[in-house]
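Shown next, in structure tokens, is the structure this report addresses.
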Amino acid sequence: MGQLIDFLSCLDSDTSLKILMCLDDPADLARFGCVSRSWRHYVVANGLYKQLCLRMFPQLSRVACVVELNQHGAKEHTEVGSSYSMEWLALQRDHRIYAYLARAFTSSVAMNCIAKTICASSTDNFPQESIDNTLEPRDNIAGRYSYWSSNGQSNPNVPETLTYELVSQICVISEINIQPFQARFQMGSPIYSAKSVRFKMGHLKSSLDALDDEQFVWTYTSPEFPMTQENRLQKFKLPEPVLCIGGILRIELLGRVQTQEMDGLLYICVSYVQVLGSSLSPPFSVEILEPSEMFVLKRDQLANCLPPMTSENESQAISADYMQRGLGDIQQFVTILRGHVVGVVEDVWDEDEYDVDDFEEEYAL
């Protein structure tokens, strides 16, 4: 084989970036960065992991800065005469955090992300018909119907809202499912669905003491989805997964279609709400910066990074397989990078700058 040429040295920076921006798998970026010292430097200097995360979740454009917590065993390069500048250390820190975040996005396990209810815009009979009932998938418990009901209205255009707190301040939400309530105890068994539904995500300005709408900052609003008068769990998949910063979800129920016979008023009733997604906590947390509505992204290096599994046996099986495949790839890359395979760029490895543990964190988590 002839002498190989580093393509980064042959192309202008804009062209190289366009090529690398086509990589949409965090593992591919990790592999690229481990080919040589110069290639890793290029990944770090150009913030390629950060750009990948921004393409995946535009909500990250509101990150003011990133912070590492509990830097146990972190390497120090601050001694006199070190070639590492403060600017380069900051780039390396951003690289580590966004690389870890990108892998968390792609390895998380779907779960119901509702932690608790906050409030409903109205309730017909409290507490018998409160929003708390929407956390129970059964609409009949021990012979008692379980659902939330709005107040009655003569105007079909009066909306209602249900507001929930999610399991953490940083969640990826992909789907919201709602089951309208069917009143089998009324003549004709009417179904009190809304005409359509819309979702908002955001955070509180300060505390939960005051629950008026001014206390919330909504950073995402979904398109409007039509609902049907059917007694089933209706699934509303978002156009793209959304990174909810602040952990607050509001469901807007728009338009009333069902009249109650006994009073002639229009109601909306919901028996169950499910929010599908994944939590990025405890490895990640956020601090909202008011009044700018920017936030600090924090990564705890000592927090457990493995996604929750559905059972102990499944967890053991998946973890064993995942680690076997990940470590096998790492060993293969290290072998390649140490020059045992023909055709490798010669400027391959600097163990003082980047070791196997760094690669394992970025690639195999």
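Since this is a predicted model, take the numbers as computed values, not measurements.
Residues Arg93 and Val66 form a side-chain contact, since some pair of their non-hydrogen atoms from C-beta on lies under 4.5 Å apart. Residues Val167 and Asn112 have side chains not in contact (no heavy-atom distance under 4.5 Å, counting atoms from C-beta outward). No side-chain heavy atom of Ile248 sits under 4.5 Å from any side-chain heavy atom of Tyr164. Looking at Thr221 and Phe199, their side chains never come closer than 4.5 Å, going by heavy atoms from C-beta outward. Side-chain contact between Lys195 and Asn157: absent, with no pair of heavy atoms (C-beta onward) separated by less than 4.5 Å. Residues Ile176 and Leu238 have side chains in contact (heavy-atom distance under 4.5 Å, counting atoms from C-beta outward). Residues Leu233 and Ile178 form no side-chain contact, since every pair of their non-hydrogen atoms from C-beta on lies 4.5 Å or further apart. Residues Val296 and Lys298 meet the side-chain proximity criterion, which asks for heavy atoms closer than 4.5 Å.
In plain terms, the two heavy atoms of Ser150 and Arg256 that are nearest each other are OG-NH1, 3.3 Å. Of all non-hydrogen atoms in Arg198 and Pro223, the two that sit nearest each other are CG-O, 3.9 Å. Of all the heavy atoms in Pro241 and Phe57, the pair that sits closest is O-CE2, 3.4 Å. Heavy-atom minimum distance, Ala120 versus Leu162: CB-CD2, 3.7 Å.
Partners of Leu91 under the side chain to side chain contact (heavy atoms under 4.5 Å, CB included) rule, at least two apart in sequence or in another chain, are Val44, Trp88.
Side chain to side chain, Gln169 and Ser281 fail the donor-acceptor criterion of an N or O pair below 3.5 Å. Checking Glu160 against Ser121 by side-chain atom types alone, a donor-acceptor pair falls below 3.5 Å. Of the N and O atoms on the side chains of Asn177 and Glu175, at least one donor lies less than 3.5 Å from an acceptor on the other residue. Side chain to side chain, Gln179 and Asn231 meet the donor-acceptor criterion of an N or O pair below 3.5 Å. Side chains of Gln301 and Glu68: a donor-acceptor N/O pair is present below 3.5 angstrom, by distance only.
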Please step through side chain to side chain donor-acceptor pair (under 3.5 Å) for the pair Glu136 and Ser146, ending with a clear verdict. CA-CA 8 Å; Glu136 170 57 54; Ser146 175; over 6 Å; no
Decide side chain to side chain donor-acceptor pair (under 3.5 Å) for Glu230 and Ser193; before the verdict, give the C-alpha distance in whole Å, the side-chain angles of both, and the deciding distance to 0.1 Å. CA-CA 8 Å; Glu230 298 180 27; Ser193 70; over 6 Å; no
For the pair Gln186 and Gln260, evaluate side chain to side chain donor-acceptor pair (under 3.5 Å) and give the outcome as yes or no after the intermediate values. CA-CA 9 Å; Gln186 295 180 357; Gln260 182 174 255; 3.1 Å; yes
Given the rule in the salt bridge (charged side-chain N to carboxylate O under 4.0 Å, His left out) test, do Arg144 and Asp139 qualify, once you have shown the distances and angles that lead to the verdict? CA-CA 8 Å; Arg144 183 183 68 84; Asp139 63 1; over 6 Å; no
Given side chain to side chain donor-acceptor pair (under 3.5 Å), test Ser279 with Ser168 step by step and report yes or no. CA-CA 6 Å; Ser279 171; Ser168 75; 2.9 Å; yes
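Annotation: the span from Gln128 atom CD to Ser149 atom OG amounts to 11.5 Å, rounded to 0.5 Å. Rounded to the nearest 0.5 angstrom, Ile191 CD1 and Thr228 OG1 are separated by 8.0 Å. Going from atom CH2 of Trp148 over to atom CD1 of Ile268 covers 5.5 Å, rounded to the nearest 0.5 Å. Annotation: the span from His41 atom NE2 to His95 atom NE2 amounts to 12.0 Å, rounded to 0.5 Å. Interatomic distance, Gln153 CD to Tyr267 OH, rounded to the nearest 0.5 Å: 9.0 Å. Annotation: the span from Arg103 atom CZ to Leu29 atom CG amounts to 11.0 Å, rounded to 0.5 Å.
For Arg299 and Tyr100, the positive end sits near the middle of the six-membered ring, less than 6.0 Å away and at most 45° from its axis. Cation-pi contact between Arg250 and Phe216: present, with separation from the ring centre below 6.0 Å and deviation from the ring axis of at most 45°.
A side-chain donor-acceptor contact under 3.5 Å links Ser130 to the backbone of Asp132.
Classified by interplanar angle (parallel below 30°, tilted 30° to 60°, perpendicular above 60°), the ring pair Tyr147/Phe181 is parallel.
In the hydrophobic clustering of ILVMFWY residues, with side-chain heavy atoms under 4.5 Å counting as a link, Val286 and Leu101 come out together. In the hydrophobic cluster analysis, where Ile, Leu, Val, Met, Phe, Trp and Tyr join through side-chain heavy atoms closer than 4.5 angstrom, Val158 is grouped apart from Leu266. By the rule that hydrophobic residues join a cluster once side-chain heavy atoms approach within less than 4.5 Å of another member, Tyr272 and Val270 end up as members of separate clusters. No chain of hydrophobic side-chain contacts below 4.5 Å, direct or via other Ile, Leu, Val, Met, Phe, Trp or Tyr residues, connects Val242 to Phe105. A continuous path of Ile, Leu, Val, Met, Phe, Trp and Tyr side chains, each step under 4.5 Å between heavy atoms, connects Ile173 with Phe236, placing both in one hydrophobic cluster.
Salt-bridge check for Glu293 with Arg62: failed, with every basic side-chain N at 4.0 Å or more from each acidic carboxylate O.
Checked options Leu254, Leu253, Val257; the residue passing with Met227 is Leu253 (criterion: side-chain contact (heavy atoms from CB on, under 4.5 Å)).
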